[in-house]
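Read the structure below first, then the notes.
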Amino acid sequence: MPELPEAEVVRRGLDAWVRGRTVTGVEVLDARSVRRHDGGAADFTSRLAGARVTAVARRGKFMWMPIARPGETMPSSALVAHLGMSGQLLLQDHELPDPRHLRVRIGLSEAAGMPAELRFVDQRIFGGLRLDPLISTGDGLPGGFGAEDPLIPVSAHHIARDVLDPVWTPRGFHRAVTQSAGGRPRMTGIKRAILDQGLISGVGNIYADEALWHARLHYEKPAHTLRPKQSEDLLEALIEVMERSLEEGGTSFDSLYVNVNGESGYFSRSLQAYGRAGQACGRCGRLIVREPFMGRSSYRCPHCQRRRRLQRSHS
DNA sequence: CAGAAGACCTGCCTGC
DNA sequence: TGCAGGCAGGTCTTCT
């Protein structure tokens with residue numbers, strides 16, 4: 001399952017190998033993978049062919065490549081990619097057999113020692129590609145990691161700043177978590193809040209559970225009840241789990257395989273809560289429990305992450 | 001408007 | 001063996 005750290009590994013790989021190259025041809029093998037592109041597969045193909053990739057940027061799990069179309073000096077649109085649950089962007093030689101679940105093939109201009117094709121592979125088709133106009137971020141800051149200009153694709157404009165974005169401060173995060181748009185108290189549970197990509201982006205189910213475990217918070221704790229220290233701990237935990245995962249997952253990709261395989265070392269070694277139902281909590285030894293949540297699962301320690309904090313006695 | 005729920009997908013696993 | 005059902009889950013749409 002690609003989450004933010006995996007997406008960043010992919011971004012770095014693409015930045016090194018695809019930036020500056022021109023699209024020589026496009027083949028959409030499964031139209032569902034471009035279903036979010038407004039004009040359909042034929043329009044996607046014709047508009048992408050001949051375009052030059054000028055950068056590779058990312059915000060949360062949205063990735064995009066600004067493209068300059070023939071006659072353009074500056075990119076006005078971008079190839080937007082979301083990996084969904086099972087998406088991969090592979091850089092491979094044309095001679096290599098098509099991988100299982102290959103959905104879109106993008107041919108690239110020749111470059112010394114570099115593979116000729118960018119391949120979008122996606123088993124479950126939750127991910128996809130599309131072409132979108134670039135618009136202003138509105139805040140004057142670069143659109144995301146790898147972006148130099150304050151531009152972002154239309155389809156990612158509603159996505160909040162990334163967990164690893166330096167714009168986050170403890171105070172800003174506290175306000176974002178405890179208050180909704182109009183300054184009203186945010187009544188929903190804290191896990192729903194941090195999974196809301198319009199509040200902070202890049203957090204998925206796994207890292208949400210991990211960060212909540214580190215911060216000793218119950219996932220249903222009403223977001224508006226977080227005290228500044230609690231939201232500060234939570235932000236710190238989010239950044240910590242992302243950065244550690246990035247370190248461990250970022251070591252295992254080679255030049256010909258711009259990879260996301262969902263099996264970074266982090267997943268097997270460092271998870272404290274997610275997927276550990278029935279196993280001992282690393283802090284207190286109580287058994288981690290799995291509970292239904294939002295149609296899926298939440299994992300927590302029933303001792304460290306209680307719904308209500310213990311009342312402190314001053315006697 | 002905030003929040004909740006369902007839809008979209010395939011492959012793997014379990015139970016009958 | 002075969003089949004049904006559960007599970008995984010990010011985002012988009014629809015409903016309250």
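Chain naming here is simple, since letters A, B, ... match the order of the sequence lines and numbering starts at 1 in each.
Under the rule for a side-chain contact (heavy atoms from CB on, under 4.5 Å), the partners of A/P99 that lie at least two apart in sequence or sit in another chain are A/L90, A/Q92, A/L102, A/R119, A/V121. Annotation: salt bridge (charged side-chain N to carboxylate O under 4.0 Å, His left out) contacts of A/D196 (sequence neighbours excluded): none. In terms of the salt bridge (charged side-chain N to carboxylate O under 4.0 Å, His left out) criterion, A/K61 has no residue partners (sequence neighbours excluded). A/F120 meets the ring pair (Phe, Tyr, Trp, His ring centres under 6.0 Å) test with no other residue; sequence neighbours excluded. In this structure A/D30 satisfies the salt bridge (charged side-chain N to carboxylate O under 4.0 Å, His left out) test together with A/R32, A/R103, sequence neighbours excluded.
Between the CG atom of A/L199 and the P atom of C/dG10 there is a distance of 16 Å, rounded to whole Å. Between A/I206 atom CD1 and C/dA8 atom C1' there is a gap of 10 Å when expressed in whole angstrom units. Atom CZ in A/F126 sits about 13 Å away from atom P in C/dA8, given to the nearest Å. Between the CE atom of A/M63 and the P atom of C/dT11 there is a distance of 12 Å, given to the nearest Å. Look at CE on A/M294: it is 10 Å from C1' on C/dG10, rounded to the nearest Å. Atoms CZ (A/R130) and P (C/dC12) sit 7 Å apart, rounded to a whole Å. Between the CG atom of A/D209 and the P atom of C/dG10 there is a distance of 10 Å, given to the nearest Å. Rounding to whole angstrom units, OH of residue A/Y207 and P of C/dG10 are separated by 11 Å.
For the helix from B/dA2-C/dT16 to B/dC16-C/dG2, the terminal axes (five pairs an end, C1' atoms, rotation from four pairs onto the next four) enclose an angle of 50°, given to 10 degrees.
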Hey, what are the protein-to-nucleotides 3-6 of chain C N/O distances that come in under 3.5 Å?
none

Would you tabulate the nitrogen or oxygen pairs shorter than 3.5 Å linking the protein to nucleotides 13-16 of chain C?
none

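If you find the closest nucleotide of DNA chain C to A/Y299 and to A/F62, the one lying nearer the 5' end belongs to A/Y299. Comparing A/R103 and A/M187 against DNA chain B, the residue whose closest nucleotide sits nearer the 5' end is A/M187.
A donor-acceptor pair under 3.5 Å is formed between the side chain of A/Q305 and the backbone N or O of A/C301. Checked by atom type and distance alone, the side chain of A/S201 pairs as donor or acceptor with a backbone atom of A/A160 at under 3.5 Å. Checked by atom type and distance alone, the side chain of A/R59 pairs as donor or acceptor with a backbone atom of A/I159 at under 3.5 Å.
Within 4.0 Å (heavy atoms only), A/R35 reaches no atom of the nucleic acid at all.
Using a 4.0 Å cut-off between a side-chain N of Lys or Arg and a carboxylate O of Asp or Glu, A/D233 and A/R216 do not qualify as a salt bridge.
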Under 3.5 Å donor-acceptor pairs involving side-chain atoms of residues 169-177 of chain A, not counting sequence neighbours:
unit_1, atom_1, unit_2, atom_2, d
A/T169, OG1, A/G172, N, 2.9
A/H174, ND1, A/S231, OG, 2.8

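Side-chain contact of A/H94 with A/E117: a donor-acceptor pair under 3.5 Å is present, judged by distance alone. If you check the side chains of A/S155 and A/D132, you find a donor sitting under 3.5 Å from an acceptor.
Using a 4.0 Å cut-off, some side-chain N or O of A/R290 falls inside it from OP1 or OP2 of C/dA8.
Judged as a salt bridge (charged side-chain N to carboxylate O under 4.0 Å, His left out), the pairs with a partner in residues 281-291 of chain A (not counting sequence neighbours) are, in order, A/E291-A/R300. A salt bridge (charged side-chain N to carboxylate O under 4.0 Å, His left out) check over residues 35-45 of chain A, counting only residues at least two apart or in different chains, returns the pairs A/D43-A/R47.
Distance from the side chain of A/S297 is smallest to C/dA8 among C/dA8, C/dC12, C/dG10.
Contacts between chain A and DNA chain B, taken as any atom within less than 4.0 angstrom of a protein heavy atom, begin and end at B/dC1 to B/dG11.
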